[in-house]
Asks: 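So that we are looking at the same thing, I have put the structure below in structure tokens.
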Amino acid sequence: MTASITPVVVRLKLSLLRNGLRQSGGRRAAYIASAVAVLLFSALQLIGLIALRGHEHAASVVVLLVAVLAAGWAVMPLFFPGGDETLDPTRLVMLPLRPRPLVRALLAASLVGIGPLFTLCMLAGSVVSVAHGGVAYAVGVVGAALALLVCVALARAVAAANLRLLTSRKGRDLAVLSGLVIAIGAQVVNFGAQRLGAGGLGQLDGPADVLKWVPPASAVGAADSASEGSYGVALLQLALTAAALVALLLVWSRHLTALMTAPDGSTLQAADSTARERTSTGLSRLLPAGRTGTVMERSLRYVWRDPKTKAAWVTSLAIGLIVPVFNALQGSGSIYFACFAAGMLGVQMYNQFGQDTSAFWMVAMTISSTRDAYVELRARALALLVITLPYATLVTVVTTALLDDWPKLPEVLGLSFALLGAMLATGAWTSARFPYSIPQEGYKNVAPGQSGLAFMAILGGMVASALLCAPVIAGTIWLNVSEGGDEWSWLLLPVGAAYGAAITVAGLRMAAPRTARQLPEILTAVSKG
């Protein structure tokens, strides 16, 4: 039976893929379109890698390329846990299968798909670009096969180690953060491309010298070493790749054994967990008493626990730091880019009630007057300020240090505080005037039919915030162009902070009556998702 496991599992994978494509024409069209796009991209990349043949820095480029491919295979299961349901080993838990034959069978089945084909094309192009001579090509073929197996085994080992998490609700919520990874990755790639364009490919030699000893990049490094006549080094690099493959297969086998034999939470008694009493956390003791502290704690818990809210906050925090810092590192940035952090975080004040979804009815039951609505909005704004004020200050200080422009620190901080106050004010008003629902499932942040409402709320609020900041912006410009204005620029810090606080209070007071009057409409709007 052991000898027949591998072909059976491979045929099972092919059958499931074929039957899945038969379910709907849309799914079939999407799969075919994605396959064609990947094949075209692979062909272009293959041609580009072959064109590198003979270039003095070709080895550095392909070694880094293989390292990036391996990193992609490692993180892919974490952010796309449902991307290959056909290889979920827990579906085979009732069958009398041993771990090692099952590992071999699943490894072979994992080689069927668009991802392995794309990786194979990249590895083939990498070998062709660095291999010179028959021995180098032989080493390259073996190395490419080992590297492909290492990438696939790495992905499966990571997936098996985190399968309990990935198949749970919290694990599926992790996929929401994939947009953050893409955003950060795009900024890193953009930064790296600009640095390479300025300094040339020679900057890759240092990192490549290290990575050529790290599997699976060492497999391509072996082909380059064989081309230079260093056959002992090439064998050592191949041995490192093979050892990494064996280690990954052992780790994968161990986790498979645990998955197939160990009970999970659904089979264990929950009496102990339900009997434990919840104790108050330190957070509630640090917040004000009464309704203000309660609302602040609820809002901060949303940031930490709700997947959509957490994803929005993490994305804003990351991009708010990346834009000014990366521009400063490139030498072309302005210290005023630090205001981007306050702007990104200020957007979190928009659609405050939509974050509650259908649970907003519990909040609505506690609002019976304009005063209640004002306290509710004020507490939500204070919860946001707990994070945004120190963060915006930190980003501004870091950007100032990178640009070494300390005299402008007070005015940039004043601008950031004024902008944050304006966005809190407009965010409170648009939350009451243009509420919309945020679906809890999937990747959409706006319920169907409410996209126009969300666009009006966010775009209109941002334009209004810019207009509200006009006095502080005008003062900053006037002090910078007037003679002797630098001596008084420090005043922009207290002026900006006071103006931001005043405009926030004014916005909250304007939004409170509308919130109290339109509670039924708000509840209907935020419950549509």
Side-chain angles (χ1 to χ4, degrees), residues 177 179-188 190-191 299-300 302-304 309-352 380-428 458-459 461-470 472-473 476 489 492-501 503-504 507:
L177 299 178
L180 171 62
V181 175
I182 294 173
I184 296 177
Q187 292 292 336
V188 172
N190 179 48
F191 178 66
S299 299
L300 293 173
Y302 275 159
V303 175
W304 181 250
T309 306
K310 181 189 294 187
W313 270 95
V314 173
T315 303
S316 297
L317 290 170
I319 298 179
L321 176 66
I322 287 173
V323 170
V325 169
F326 273 38
N327 281 278
L329 290 174
Q330 293 172 10
S332 60
S334 169
I335 190 172
Y336 295 102
F337 281 178
C339 297
F340 199 80
M344 288 297 299
L345 296 180
V347 174
Q348 303 306 317
M349 186 64 186
Y350 291 74
N351 197 34
Q352 277 291 307
R380 291 176 183 246
L382 289 174
L384 190 143
L385 287 173
V386 169
I387 303 175
T388 54
L389 273 180
Y391 185 78
T393 304
L394 175 63
V395 172
T396 305
V397 172
V398 170
T399 306
T400 304
L402 291 174
L403 295 173
D404 195 19
D405 197 3
W406 294 103
K408 291 192 177 297
L409 176 62
E411 63 183 76
V412 176
L413 276 177
L415 276 174
S416 295
F417 294 157
L419 175 61
L420 182 59
M423 297 197 75
L424 291 178
T426 57
I458 296 176
L459 181 61
M462 293 177 70
V463 172
S465 299
L467 294 176
L468 288 174
C469 288
V472 181
I473 296 174
T476 303
S489 62
L492 288 171
L493 175 56
V495 169
Y499 183 82
I503 203 70
T504 298

Asks: Measure the CG-NZ distance between L492 and K408 for me, rounded to the nearest 0.5 Å.
Replies: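 The distance works out to 10.0 Å.
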
Asks: Locate the shortest heavy-atom distance separating T400 from L409; write the atom from each residue and the value.
Replies: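 Answer, listing the atom of T400 first, then L409: OG1-CD1, 3.5 Å.
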
Asks: Could you pull out all residues at least two apart from V303 that satisfy side-chain contact (heavy atoms from CB on, under 4.5 Å)?
Replies: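 If we apply the side-chain contact (heavy atoms from CB on, under 4.5 Å) test to V303, skipping adjacent residues, the hits are T309, W313, I387.
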
Asks: Hey, what do you get for CG (L403) to CD1 (I335), rounding to the nearest 0.5 Å?
Replies: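 The distance works out to 6.5 Å.
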
Asks: Check S316 against Q348 and note the closest heavy-atom contact, atom names and distance.
Replies: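 The pair with the smallest heavy-atom distance is OG-NE2, 2.7 Å.
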
Asks: Using every non-hydrogen atom in the two residues, find where A318 and Y391 come nearest and quote the distance to one decimal.
Replies: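 Where A318 meets Y391 most closely, the heavy atoms are N-OH, 4.2 Å.
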
Asks: Could you tell me if the side chain of L384 sits less than 4.5 Å from the side chain of S299, heavy atoms only?
Replies: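 Side chain of S299 against side chain of L384, heavy atoms only: no contact under 4.5 Å found.
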
Asks: When rounded to the nearest 0.5 angstrom, what distance separates OG1 in T388 from CE in M344?
Replies: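 One finds 13.0 Å between OG1 of T388 and CE of M344.
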
Asks: Can you tell me how far CG of L300 sits from CZ of R380, rounded to the nearest 0.5 angstrom?
Replies: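 Nearest 0.5 Å value for the CZ-CG distance: 11.5 Å.
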
Asks: Identify all side-chain donor-acceptor contacts of residues 410-426 below 3.5 Å with residues at least two apart in sequence or on another chain.
Replies:
from : atom 1 : to   : atom 2 : distance (Å)
E411 : OE2    : Y336 : OH     : 2.4
E411 : OE2    : N480 : ND2    : 3.1
S416 : OG     : V412 : O      : 3.0
T426 : OG1    : Y350 : OH     : 2.8
T426 : OG1    : A422 : O      : 3.0
T426 : OG1    : M423 : O      : 3.3
T426 : OG1    : S465 : OG     : 2.9

Asks: For T399 and S334, which heavy atoms make the closest approach, and how far apart are they?
Replies: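 Result for this residue pair: CG2-O, 4.4 Å.
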
Asks: With respect to F337, which candidate in T396, N327, V395 satisfies the side chain to side chain contact (heavy atoms under 4.5 Å, CB included) definition?
Replies: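 Considering T396, N327, V395, a side chain to side chain contact (heavy atoms under 4.5 Å, CB included) with F337 is found only for N327.
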
Asks: With a 4.5 Å limit on heavy-atom distance, are the side chains of L321 and F326 in contact?
Replies: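 Not in contact.
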
Asks: Rounded to the nearest 0.5 Å, how far apart are OG1 of T504 and OH of Y499?
Replies: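 Between T504 OG1 and Y499 OH, I get 10.0 Å after rounding to 0.5 Å.
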
